[in-house]
Every structure is written in structure tokens, then in C-alpha cells.
Amino acid sequence: AEKEADTVAKFSEVVEALEGQIEKLAIAAQSKAITEVLTFAEEYDQRRSKLVPPEPPKGALQPRIALTVVDTHLEVVDAELAKVDGLNPVLLLDNFKAAASSLPSGEPGETHRERMRAAMEK
């Protein structure tokens, strides 16, 4: 029983480290790679659900990183739109694309959809 508890604890540490790295990768990814990272996260969640215990302490990875990625890219959009001079349209468009491609459907992404609509109206 002690060996099993040690194995579960070690597994939890490894999974937490992996999820942290995937979150960082998703935030740093450009719009084209975001789809691949989110697809990986979705596949990961399907497999991870079969490895219980332990339960994922932060919940499923894909929805969590999707909203984090959208937030990160919308912060860049907001900062770019707040500039008085020197607006970078390529940076603006790339971040809009990245945010849109990461946005989850349904209720979880509704606040972010409103934020994107407001940014587009500026």
C-alpha cells in the first residue's frame, strides 16, 4: 500500500509538471500552433481521465489552457489598441487569430467572446 501511494504521488508530480509545461507552450504558441497544442490537450484529457486516481487537481487541461491562451492574446490586443501612435496591424491580427482559434465553444468562452467583440469595435 505504501509503494502504491508513493507511485501515485510521483505520478501526480509528473503530471502536474507536464501540464505546467503545456500551459506555458500554449501561451507562447503562435496562432497556427495553438490548434495543435489544444488538440494535444484534448487527447491528453481523454487519456488522463483513465488514470484515476489521482484526480486532476486543476480539472481538464484543454479548457483551462484555452481560456488562458485567449486571455494572453487579448491582453496583447488591448495593449496594441490602447496605443496612440505606432499601431502594429500584423501583431494585432495575429493575436486576434490566436485568440479566436483558442476560444472554447459554449458558456466557458462567452466572456472572452464579448471581450473580443468589444475590441473589434474599437
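From a predicted model like this one, the values you see are computed outputs, not experimental measurements.
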- With sequence neighbours left out, the residues meeting side chain to side chain contact (heavy atoms under 4.5 Å, CB included) with Glu114 are Glu110, Arg117

- Leu18/Tyr44 under side chain to side chain contact (heavy atoms under 4.5 Å, CB included): CA gap, chis, key distance, verdict: CA-CA 10 Å; Leu18 173 65; Tyr44 171 85; 3.5 Å; yes

- Query: Are the side chains of Arg115 and Asp71 in touch, meaning some heavy atoms are under 4.5 Å apart?
  - Reply: yes

- Item | Validation row: Leu25, Gln21 side chains within 4.5 angstrom (heavy atoms) | no

- Item | Within 6.0 angstrom of Lys10 NZ, more than 12 heavy atoms from elsewhere | no

- Task: Mind listing the closest non-hydrogen atom pair of Ala41 and Ile65 along with its distance?
- Result: CB-CD1, 3.6 Å

- side chain to side chain contact (heavy atoms under 4.5 Å, CB included) against Asp45, all qualifying residues, sequence neighbours excluded: Ala60, Leu61, Gln62, Pro63

- Message: I'd like to check the side chain to side chain contact (heavy atoms under 4.5 Å, CB included) partners of Leu91; sequence neighbours left out, ordered by chain and number.
- Response: Val76, Glu80, Asn88, Asn95

- Note on the structure: Tightest non-hydrogen contact, residues Asp78 and Ala119, listed as OD1-CB, 4.4 Å

- Could you work out the complete set of other residues in the hydrophobic cluster of Leu93, with links drawn between I, L, V, M, F, W and Y side chains under 4.5 Å apart? none

- Item | Val15 versus Arg48, closest heavy-atom pair with distance | CG1-NE, 3.6 Å

- Item | Distance (rounded to the nearest 0.5 Å) between Leu74 CG and His112 NE2 | 7.0 Å

- Item | Glu75: partners by salt bridge (Lys or Arg N to Asp or Glu O under 4.0 Å), with sequence neighbours left out | none

- Item | Set of side chain to side chain contact (heavy atoms under 4.5 Å, CB included) partners for Glu43, sequence neighbours left out | Gln46, Arg47

- Could you walk me through whether Asp6 and Glu2 pass the side chain to side chain contact (heavy atoms under 4.5 Å, CB included) check? CA-CA 6 Å; Asp6 288 344; Glu2 185 178 321; 4.3 Å; yes

